[in-house]
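Lettering of chains follows the sequences in order, A, B, ..., and the numbering in each one begins at 1.
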Number of protein chains: 2
Amino acid sequence: MARILVEPSLGEAAAVLREAVGRGDTVVLIAECSVEYEGRGASRLGDGERIIIVKQDGAFLVHRPVGHSPANWQPNTTSIVVEEAGGGIVITATRVKPSREIVRVRVTRVLALYAGRLRDTAEFIMYLDEHEIRDILYENPGLIEPGLRLVEKEKELGEAGYADLYGFDAEGRPVIVEIKRVTAGKEAVHQLLRYIDAYARRYGVRPRGIIVAPALSAQALEAAKRLGLEYKRIDMQRLWRMKKERERRGGRSLLDYLGGDV
Amino acid sequence: MARILVEPSLGEAAAVLREAVGRGDTVVLIAECSVEYEGRGASRLGDGERIIIVKQDGAFLVHRPVGHSPANWQPNTTSIVVEEAGGGIVITATRVKPSREIVRVRVTRVLALYAGRLRDTAEFIMYLDEHEIRDILYENPGLIEPGLRLVEKEKELGEAGYADLYGFDAEGRPVIVEIKRVTAGKEAVHQLLRYIDAYARRYGVRPRGIIVAPALSAQALEAAKRLGLEYKRIDMQRLWRMKKERERRGGRSLLDYLGGDV
DNA sequence: ATTTCAATGTCGCCT
DNA sequence: AGGCGACGTTGAAAT
């Protein structure tokens, strides 16, 4: 059964907190606290009013009243210990695995507390990540260039890594494609260059290299030009609309909707 | 004044929620909901019990009862709109800035609601980030190599970027150092290579290149060897101890305490 | 278990 | 405002 406390005493809050954590329930605290972290790095955060969350799998979060990301956290906590010490509640979340890391929260006042088991079994579905974009382009090479024939996804190129797409253009020259779903920077250019070089070393032919992205930074464009690499702009919104259209109409090819270029 | 509601009606919750959001207060909802997102990507999440947070700067989070990261979120929301529709509350968090993005939550049942203004003005201090490590190494070049003399931090190398450290070894040869505070991969090797090449082009001398990191992946080590680059392992724990020694802050670290009590 | 790469990455710094 | 690189990045997939 869920428990909700409004401005409880620290002792009361500690008791409910300890029991809930022991049962593996979700706990949400609105509380004044300070936080220390030591592990890969180290941090200190003085007193303030925050949202503290202990999840059912031991995930631990301290959120300040502003900002998207937590001030401190612990992803897969091996142990969460609740103690009363020095007129406050001390919550210690310890993780050992990749490296030993500790988050310690000292709670000095509790404004509100929720403790209970949340039921959430729904499936989370994500659309149009890079993987899906690659698949769409692989099946519709005309979106990149007329006459392009793609023969491989994730082409292995030794220590250089894996090229997103590989194929041959209308004139039979090998083509390597690097896809970015957001504005590409120069690291994308250098990544593509590594693939090109690895390919050239292995096959003795320098392939064309094409960066496919919704945009390319000025410096990256400059670098690409200088290095003989190409850039093909792709409209993600349009790709998204085409995907939805295709799903709605029941599995027709994107090529059916190709008026001109993308 | 803070408001806390326990299993309120949807109308009651909506009213409080709307008012709190309008005032720019923090709102924490424990509620059954479904979530849709469309923007750079798109996602769907069916009904389940979750923690919904609206922060004072408009940051918006939907947390499932497990996992460290939010299922859906909105970092810097331009607008948050609360509506009652179809027997539920619809919260729409819209952002326009980098690209138009919408998160829409349909709340079907509210288990608990907190709304209030949280006061948190404390400073967050982060220790041992890459910047600080660079400074420590700059002042203690012997940690990298005996006889090393460092002359510049963040050495500008044109379009290649900025090398972390630059100096000369005991024999007077130029040295470029790339620092990674976690295990370095091959992108670190290639990054260093870019600096080396840029330096060689500009000064007509090929400098030594040293990757300083707590570890180097096998492939990266292979690549470094082949490319004539060097690797110097650095013990982050030791650096941390040196830093504390240097600052003479007094008081032992959390890890020391934990090491003792286990 | 390690390595690699994408991410609705976010965040901060700097131009 | 845009580019760039770090992050206690996290997370997932592949080796």
Side-chain angles (χ1 to χ4, degrees), chain A residues 35-43 59 67-76 95 97-103 124 126-134 154 156 159-164 178-188 190-191 215-223 236 240, chain B residues 35-43 59-60 62 67-76 93 95 97-103 124 126-134 154 156 159-162 164 178-188 191 215-222 236 240:
Chain A
V35 191
E36 298 171 44
Y37 156 73
E38 277 191 33
R40 284 163 292 182
S43 71
H68 150 272
S69 46
N72 287 97
W73 70 94
Q74 199 70 282
N76 238 0
R95 163 166 88 151
K97 251 207 311 201
S99 59
R100 184 172 185 79
E101 308 205 77
I102 296 169
V103 174
F124 181 83
M126 183 73 209
Y127 303 100
L128 262 199
D129 50 8
E130 208 230 27
H131 200 273
E132 190 166 11
I133 292 167
R134 183 189 343 107
E154 291 293 295
E156 182 270 330
E159 67 171 14
Y162 295 82
D164 289 328
E178 170 69 17
I179 302 166
K180 290 293 167 195
R181 57 182 309 295
V182 292
T183 301
K186 61 182 170 190
E187 74 294 341
H190 288 281
Q191 193 175 353
L216 196 63
S217 76
Q219 280 198 40
L221 184 59
E222 182 65 27
M236 286 297 158
W240 173 241
Chain B
V35 192
E36 299 171 40
Y37 155 72
E38 274 192 35
R40 287 163 289 184
S43 71
F60 185 74
V62 180
H68 150 271
S69 46
N72 289 97
W73 70 91
Q74 198 70 282
N76 240 359
R95 162 165 90 151
K97 251 203 314 194
S99 58
R100 182 170 187 79
E101 308 205 78
I102 298 173
V103 174
F124 182 83
M126 185 72 210
Y127 301 101
L128 266 200
D129 53 6
E130 209 228 26
H131 199 272
E132 190 169 12
I133 290 168
R134 183 193 339 109
E154 291 292 295
E156 182 271 327
E159 64 170 15
Y162 294 82
D164 289 326
E178 169 70 18
I179 301 166
K180 290 293 168 195
R181 56 182 308 294
V182 293
T183 303
K186 58 185 168 192
E187 77 295 339
Q191 194 175 353
L216 196 64
S217 75
Q219 281 198 39
L221 185 59
E222 181 65 27
M236 288 296 158
W240 176 237

Distance check: side-chain N/O of [X] vs OP1/OP2 of [N], anything under 4.0 Å?
X: B:Ser217; N: C:dT4; result: yes
X: B:Arg181; N: D:dG5; result: no
X: B:Arg100; N: C:dT8; result: no
X: A:Arg134; N: C:dA6; result: no
X: B:Arg95; N: C:dT8; result: no
X: B:Ser69; N: D:dG11; result: yes
X: A:His131; N: C:dA6; result: no
X: B:Lys180; N: D:dC7; result: no
X: B:Trp73; N: C:dG9; result: no

Could you measure between the two [atom1] atoms, the one in [N] and the one in [M], and give it in whole Å?
N: D:dT10; M: D:dA6; atom1: C1'; answer: 14 Å
N: D:dG11; M: C:dC11; atom1: P; answer: 16 Å
N: D:dC4; M: D:dG8; atom1: P; answer: 22 Å

Identify whether any heavy atom of [X] sits under 4.0 Å from a base atom; if not, whether one sits that close to sugar-phosphate; answer base, sugar-phosphate or nothing.
X: B:Ala42; result: nothing
X: B:Glu101; result: base
X: B:Gly41; result: sugar-phosphate
X: B:Gln219; result: sugar-phosphate
X: A:Gly161; result: sugar-phosphate

Any sub-3.5 Å donor-acceptor pair from B:Glu101's side-chain atoms to B:Arg40's backbone N or O?
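Yes, the answer is positive, given that a donor and an acceptor are paired below the 3.5 Å cut-off.
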Considering non-hydrogen atoms only, spot the tightest contact between A:Gly41 and B:Leu128 and give its length.
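Nearest heavy atoms, A:Gly41 then B:Leu128: CA-CB, 4.4 Å.
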Shortest non-hydrogen contact from A:Ser217 toward A:Gly185:
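Heavy atoms only, the tightest pair is OG-CA, 3.9 Å.
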Given atom [atom1] of [X] and atom [atom2] of [N], what is their separation to the nearest angstrom?
X: B:Lys186; N: C:dT3; atom1: NZ; atom2: P; answer: 12 Å
X: A:Glu132; N: C:dA6; atom1: CD; atom2: C1'; answer: 14 Å
X: A:Glu130; N: D:dA12; atom1: CD; atom2: P; answer: 17 Å
X: B:Ile133; N: D:dG5; atom1: CD1; atom2: C1'; answer: 15 Å
X: B:His68; N: D:dA12; atom1: NE2; atom2: P; answer: 12 Å
X: A:Asn72; N: D:dG8; atom1: CG; atom2: P; answer: 10 Å

Between B:Arg181 and B:Glu130, does at least one N-O distance fall below 4.0 Å, as a salt bridge requires?
no
With distance as the sole criterion, do the side chain of A:Glu38 and the base of D:dG8 form a donor-acceptor contact below 3.5 Å?
no
When you match B:Ala218 and A:Phe124 each to their closest nucleotide on DNA chain C, which lands nearer the 5' end?
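So the residue in question is B:Ala218.
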Quick check on DNA chain C: between B:Gly185 and A:Leu128, whose nearest nucleotide comes earlier from the 5' end?
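Per heavy-atom nearest nucleotide, the more 5' residue is B:Gly185.
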